[in-house]
**Student:** 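Take a look at this one; I'll ask things after.
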Amino acid sequence: MLNSNDKHELKIRSLHPLIGAEVTNVDFKEPLQSSIVEQIHKAWMEHQILVFPNQKISDEQHVAVTRNFGEPEIFHQSIIKSKFVKEIFRVSNTDENGRLMPQSDPIQKQLSSAKKWHTDSSYRSIPAMGSLLHGVEVSRTGGLTCFTNMYEVYDALPERLRTRVEGKKCRHDFEHLSRITGAIKPTDEERASMPPIWQPMVRLHPKTKRKSLYISPIYNDKIEGMGETESIELIEELAVFAGQDKFVYRHKWETDDVLMWDNRCTMHIVTPHDPSERRVMHRTTIVGEGPVLAA
Ligand code: OGA
Ligand code: MN
């Protein structure tokens, strides 16, 4: 029989030698006790990305779980976020009436940027801490989400690349996305609310104090002291280095998986899938605690 001293323990199983763990014995439909939140946070800092299977949650429950870790971010554009729950970012190829959108739809073009390595909301002056993605309708033909460990990537950088990023800043510009995907350009108002920002290319994690390579190739258009072509080529070379299999956990989705990742020390990418197949994923994003710390 349980008594009040029995501690509720999460079950944690590593998914890859360098990144990712599965967490069970927790139910996101219920409010989380503070000791559970602490255990999740500890595992999160250790594994960078956590997979919570079988979490059949509503959008409201999704937002409530998110609030245990910080403030949910509200997307600055009127498109993509849910009309019903404003904290939900719809990484989906259906609209809120359930209709499939063609790939030519501007929203789909914008979301197609996730087929390149990135980290969420890096264009904000205080970039996002983390994200929680709920697989509502998952793909059977692809649509795997892959995560790379940017601590390990930084540690493994060859001298030739390390000297090119150490002490340097690169620019993160939300508008770069529309240039590379052909999505609709942000309105003047949206652009004014998200001016391009410069961030260190090597950052210190505020909790773990580890150094990581900090790039987000879908938003990076310039590196300090370099021309445009040289900047883009170096970002591309760093992305290829970071995407090596040894650093990457590839997640094949099951319905009602919830994935929680740390945007401060990882990048992610989604693999293609048959566009005529519905894929409905709901994301919350956690606002960062403060400016990026240069390492
Ligand atoms: C995201 C994202 C990839 C995916 O939600 O931030 O990039 O798997 N998603 O759809
Ligand atoms: Mn993303």
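Atoms within a ligand are numbered from 1 in the order they appear, just like the ligands themselves.
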**Student:** Tell me the residues surrounding ligand 1, counting only those with a heavy atom closer than 4.0 angstrom, sorted by chain and number.
**Tutor:**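 Within 4.0 Å of ligand 1, protein side: V91, A114, H118, D120, L133, T145, W261, H268, V270, R279, R283.
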
**Student:** Please walk me through it: do H268 and F147 pass ring-ring contact (aromatic ring centres under 6.0 Å, His included)?
**Tutor:** CA-CA 4 Å; H268 57 277; F147 297 86; 5.7 Å; yes

**Student:** Assess the side chains of N68 and H41: does a donor N or O sit below 3.5 Å from an acceptor N or O?
**Tutor:**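 No, H41 and N68 have no side-chain donor paired with an acceptor closer than 3.5 Å.
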
**Student:** Run the side chain to side chain donor-acceptor pair (under 3.5 Å) test against N93 and tell me which residues pass, sequence neighbours left out.
**Tutor:** none

**Student:** Between H76 and F174, is the ring centre distance below 6.0 Å?
**Tutor:**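 Between F174 and H76, which both carry aromatic rings, the centre distance is below 6.0 Å.
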
**Student:** Using only N, O or S atoms, tell me which atom of D120 is closest to the Mn ion (ligand 2).
**Tutor:**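 Nearest N/O/S atom of D120: OD1.
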
**Student:** Check this for me, if you would: do R179 and D173 make a salt bridge, where the nitrogen-to-carboxylate-oxygen distance has to be below 4.0 angstrom?
**Tutor:** yes

**Student:** May I ask you to decide if the ring planes of H251 and Y249 are parallel, tilted or perpendicular, using 30° and 60° as cut-offs?
**Tutor:** tilted

